[in-house]
Amino acid sequence: MTSNPTDEQAGMGSIQTVRGGTAVSIENVSKWYGNFQVLRDVNLHVATGERIVVCGPSGSGKSTLIRCVNQLEKHQRGRIVVNGTELRPGTKGLPAIRREVGMVFQQFNLFPHLNVIDNCTLALVRARKLARNAAEAVAMENLTRVRIPEQAKKFPAQLSGGQQQRVAIARALCMKPKIMLFDEPTSALDPEMIKEVLDVMTRLADEGMTMICVTHEMGFAREVADRVIFMDGGEIVEQANPAEFFSNPVQVRTRQFLSQLLH
Amino acid sequence: MTFLQILLGIYEGFGITAIVTVLGLLYAIPFALLAGILQHFSTGAARWVVTATIEFWRSSPVIVLLYAFYYSLPAFGINLSAISVGAMVLGLNIGGYGSQSVRAALQTLNRGQREAGLALGLSRIEVLRFVELPQAIAAMTPTFINQAIQLIKGTSLVSLLTLTDMTFRAKEIAQLSYNPVGVYSGLLVAYLIICYPVTIFGRRLERSAAKGRGASHEF
């Protein structure tokens with residue numbers, strides 16, 4: 001974990017800050033869709049540089065949880081603090097907060113009307129107000145990082161799923177985020193393309209990026225995660241380091257889930 | 001009178017038809033975009049006002065609107081030229097239909113597009129402007145071309161406001177030549193000659209837009 005004391009903010013005294021700074025604090029967060037409670041009193045603290053894998057059955061609230069971190073979903077109770085700023089309903093400057101939090105979606109969500117490089121530069125030019133050639137330099141740098149610079153002039157529809165997802169990662173990285181959120185990044189991919197995306201994510205983790213990944217790729221979790229979180233029914237059922245999580249799960253629900261996943 | 005003479009006679013009214021069409025589009029396009037976007041985003045009373053405005057222009061017979069604005073407004077001290085009234089009524093009527101294409105195109109866009117834009121830190125307006133509208137406009141181009149053709153054909157109604165458009169010319173010629181069959185057949189052909197190229201242009205526009213995105217069948 002990298003030491004970054006500036007991330008420790010005043011007014012967060014009640015939070016147990018991990019040494020090295022807290023990137024994301026989720027405290028007693030609950031959320032309902034109508035009468036259905038999708039998150040139940042969730043607590044999670046992610047240290048700067050920490051790699052978290054969140055797994056669990058569908059409908060367990062894991063996607064909703066990470067979507068609350070950049071407020072694509074609003075939580076109704078509890079506190080979420082991202083990079084030292086608390087996210088409340090009506091928080092001013094939400095776009096500025098989101099620029100520090102990259103997100104990669106299951107369905108890639110590239111902009112089909114823009115080519116690869118314009119996908120990468122759009123927010124740099126429009127939100128960060130970078131000059132076009134400076135933005136393109138940043139884009140090429142990040143496309144190289146995900147090993148796809150030769151596709152810069154192509155449109156998303158001309159790329160394979162794996163290539164599209166790597167472009168989506170590059171697009172998020174262009175904003176130089178402090179935290180990256182991955183929402184089942186490989187679930188929509190053909191098996192032979194999963195590896196190229198996981199390789200990029202692994203390299204990103206090695207570079208010290210703070211990551212929260214919702215994924216069922218248990219190999220990735222074992223190799224990369226500092227901590228694996230298991231969610232079911234809107235709550236965190238179990239969390240542990242990967243070695244412990246996979247070899248010695250405590251909760252019955254975790255064991256059931258793992259046995260279904262691994263067999 | 002030969003058929004060619006009839007056609008040339010009718011096309012003496014082309015200027016008015018063209019002016020009313022172009023001015024009509026200047027009303028239709030902004031109104032369609034603005035009303036469609038506002039209807040998509042507004043809620044409650046604001047949405048009711050937007051919907052009522054759209055429905056007024058969309059659900060009233062064009063000829064009734066033309067008469068109402070041309071003959072009734074002067075009673076309230078508002079005197080508009082026949083061209084102004086024609087362009088406004090036809091434009092806002094077509095714009096009312098167009099607004100529904102805009103709203104539908106925005107609604108059918110994948111929610112992931114908006115989320116991806118927001119997640120990158122764009123404001124809601126920026127997402128609309130740079131992510132949603134370009135895709136919505138591409139998606140509604142075929143519908144929009146259709147509506148432009150409707151507008152061209154609709155301009156024939158301004159002949160009733162004493163404007164010398166193609167239809168008005170045809171009526172004049174028919175009365176002078178006592179050849180209604182030939183003249184009105186000529187009028188039919190005269191509109192077809194104008195509208196068909198627009199259809200072709202629309203198809204070409206669609207194809208080039210699709211080529212630009214590298215997928216010919218995406219929308």
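Just so it is clear: chains get the letters A, B, ... in the order the sequence lines come, proteins before strands, and each one is counted from 1.
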Exercise. Are the side chain of A:Q76 and the backbone of A:W32 linked by a donor-acceptor contact shorter than 3.5 Å?
Worked result: yes

Exercise. With distance as the sole criterion, is a donor-acceptor pair present between the side chains of B:R103 and B:Q100 under 3.5 Å?
Worked result: yes

For this session: Verify the ring-centre separation between B:Y27 and B:F31: is it less than 6.0 angstrom?
Result: no

Seminar exercise, completed: Under 4.5 Å to a heavy atom of chain B? For A:R67 that would be side chain

Problem set entry | Part of B:E126 within contact of chain A (heavy atom distance under 4.5 Å) | side chain

Exercise. Can you say whether A:L110 sits under 4.5 Å from chain B via the side chain, the backbone, both, or neither, judging by heavy atoms?
Worked result: backbone

For this session: Report yes or no: do B:T143 and B:Y97 form a side-chain donor-acceptor pair below 3.5 Å?
Result: no

For this session: Below 4.5 Å from any heavy atom of chain B, which atoms of A:F105 appear? Answer side chain, backbone, both or neither.
Result: side chain

